[in-house]
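Remarks on the structure that follows.
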Amino acid sequence: MELTLPDEPVSLAPGVPTRVPVQLRNPYAQPLDLRVYLARGRAAGWATVDPAGVHLGPGETAEVSVILQTPPEQPPSSSLVPFTVHAEEASTGEPAGFATALLKVALPVPVTGRLVAKEGPTHEYDLRLANDTRVQAPLRITAELDPPSGSVTVEPNAVLLEPGTAAVVAVNAKPRRPFSGSPRSFAVVVKVSDAYDAERAPYLTEVASGTRKSRVPTTVLFVTAIVLAVGASAAILLTGDHDFLPFTKKPGTSSVTTPAQGTVGKPYALVDVFPHSGADGGKAAADAALAKLQAANMPVRLVDDPGGYWMLLQDGFGSPQAAEQYCTQWRSVAPKCKVTS
């Protein structure tokens, strides 16, 4: 005959009945009629078996309960007391099996409760507590986030629950919002403990879970990456520059250039000209054209020609053929480019 009792010690509160399950299994080929009882000892005077008799066919399993209830005046103790449950054949009194477990008499847990999400506000909860015992319950309430990213507050964080009363504690979680990616999961862990005994295990632990959306969804990042990649590819096709990088300017390039003065070497490639006209002498138009070409990484300079023109050009070529090759390379950006020798 096989009997099974709980592995963990059974905790009894003074005067409070506690039901302990006992599993019985008949491994034999013949049926058994059994009587279940507790061995003589301290716990036997506190115990009642329900039901005390059981019939098991071959291979069958059943469960009975040992109901333990100490006297109300029984003082709590941390000492562990063994108790043994026996089974015997009802007709002959022959022993059929036994199992042993441990018990202790402890103070009753003076509080019950649950964590309930509020309707409407995000990540806000009510912790509903009740004291169904006959003793006063001074409580301390703490909360934390898992993973610990963000903050969580409880209000109030200490409660004195009188016998037969209830209270509601507000729990407000503010998990940190991820910048990008998929929504992140988090948990709010709330613990209710003895306000005056920090070493004692919490009376109650309640957990609520949720998710926090990112500031930039994954789809937006994906679309942005595609747009940048397409833009970079277009710039490479237009400029022929395979070292093009978005948001990066090559060393030596500048959107503001002081017009060159003096001689121009021949042959040179004339890209565009702007007459000295208007309030600013045509300078704004020339600067805008220069900035556009430099943004495309085209090597070019602005020259103030004494003849009354702003000239966009490039010189320093060893031959007219080299200047022609320059214009051919940058034709898509500067269609007016021509060689002057």
Side-chain angles (χ1 to χ4, degrees), residues 1-115 128-135 137 163-164 191-194 197 199-207:
M1 184 66 209
E2 297 176 358
L3 285 82
T4 305
L5 285 168
D7 293 330
E8 296 295 324
V10 178
S11 182
L12 304 181
V16 178
T18 301
R19 188 176 292 268
V20 180
V22 183
Q23 298 287 337
L24 299 98
R25 179 177 176 273
N26 178 10
Y28 305 114
Q30 66 272 11
L32 291 173
D33 288 301
L34 302 170
R35 185 175 71 88
V36 182
Y37 64 96
L38 258 70
R40 290 182 180 179
R42 189 178 185 186
W46 303 337
T48 303
V49 179
D50 181 29
V54 63
H55 174 82
L56 286 177
E60 285 186 349
T61 300
E63 180 177 295
V64 300
S65 295
V66 174
I67 302 169
L68 296 167
Q69 183 173 1
T70 67
E73 64 275 8
Q74 181 69 35
S77 172
S78 59
S79 300
L80 295 176
V81 178
F83 67 98
T84 302
V85 179
H86 284 267
E88 65 180 16
E89 293 188 24
S91 59
T92 64
E94 290 292 323
F98 68 92
T100 299
L102 297 171
L103 65 82
K104 65 178 179 179
V105 180
L107 286 171
V109 175
V111 63
T112 59
R114 61 194 182 102
L115 195 61
R128 299 173 183 174
L129 303 174
N131 180 359
D132 298 324
T133 68
R134 291 177 290 181
V135 297
K191 296 182 179 181
V192 181
S193 308
D194 188 328
D197 188 355
E199 300 298 322
R200 185 173 181 178
Y203 293 137
L204 179 70
T205 300
E206 288 288 302
V207 179

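One is the number of the first residue; the rest follow in order along the sequence.
Contact of the S193 side chain with the P202 side chain is registered, since non-hydrogen atoms from C-beta on lie closer than 4.5 Å. No side-chain heavy atom of L129 sits less than 4.5 Å from a side-chain heavy atom of T112. Side-chain contact between V22 and L5 is present, with at least one heavy-atom pair separated by less than 4.5 Å. Residues L24 and V64 are in side-chain contact: their nearest non-hydrogen atoms beyond the backbone lie under 4.5 Å apart. Here the side chains of P27 and E2 are in contact, with some heavy-atom distance below 4.5 Å. A heavy-atom distance below 4.5 Å is found between the side chains of H55 and P31.
Looking at residues two or more places apart in sequence or on another chain, you find no salt bridge (Lys or Arg N to Asp or Glu O under 4.0 Å) involving E89.
Around CG of D7, the count of heavy atoms belonging to other residues, nucleotides or ligands within 6.0 Å does not exceed 12. For E63, the CD atom counts as densely surrounded, since its 6.0 Å shell holds more than 12 non-hydrogen atoms of other residues, nucleotides or ligands.
T18 and S11 get closest at one heavy-atom pair: OG1-O, 4.1 Å. Taking all atoms of both residues into account, the shortest heavy-atom contact from P82 to T100 is CB-CG2, 4.4 Å. Contact between P14 and P76 at its shortest, heavy atoms only, is CG-CG, 4.5 Å. Nearest heavy-atom pair, P17 versus I67, reported as atom, atom and distance to 0.1 Å: CB-CG2, 4.2 Å. Considering every non-hydrogen atom in both P110 and N131, the closest pair reads O-OD1, 2.9 Å. Contact detail for V111 and Y203: the closest heavy-atom pair is CG1-CB, 3.6 Å.
Interatomic distance, NE2 of H86 versus CZ of R35, reported as 10.5 Å (0.5 Å rounding). Atom OG1 of residue T61 and atom CG of residue L56 lie 7.5 Å apart, to the nearest 0.5 angstrom. Between the OG1 atom of T48 and the CG atom of L68 there is a distance of 8.5 Å, given to the nearest 0.5 Å. For the atom pair OG (S79) and CG (L102), the distance works out to 11.5 Å, reported to the nearest 0.5 Å. Interatomic distance, T84 OG1 to L38 CG, rounded to the nearest 0.5 Å: 7.5 Å. Atoms CD and CZ, on E60 and R25 in that order, are 11.0 Å from each other to the nearest 0.5 Å.
Side chain of S65 to backbone of V20: no donor-acceptor contact under 3.5 angstrom is found. With N26 contributing its side chain and Q30 its backbone, the two residues share a donor-acceptor pair below 3.5 Å. Judged purely by atom type and a 3.5 angstrom limit, E88 has no side-chain atom pairing as donor or acceptor with the backbone of E94. A donor-acceptor pair under 3.5 Å is formed between the side chain of Y28 and the backbone N or O of M1.
Among pairs with a residue in residues 36-47, none fulfils side-chain hydrogen bond (donor to acceptor under 3.5 Å, both in side chains), at least two apart in sequence or across chains.
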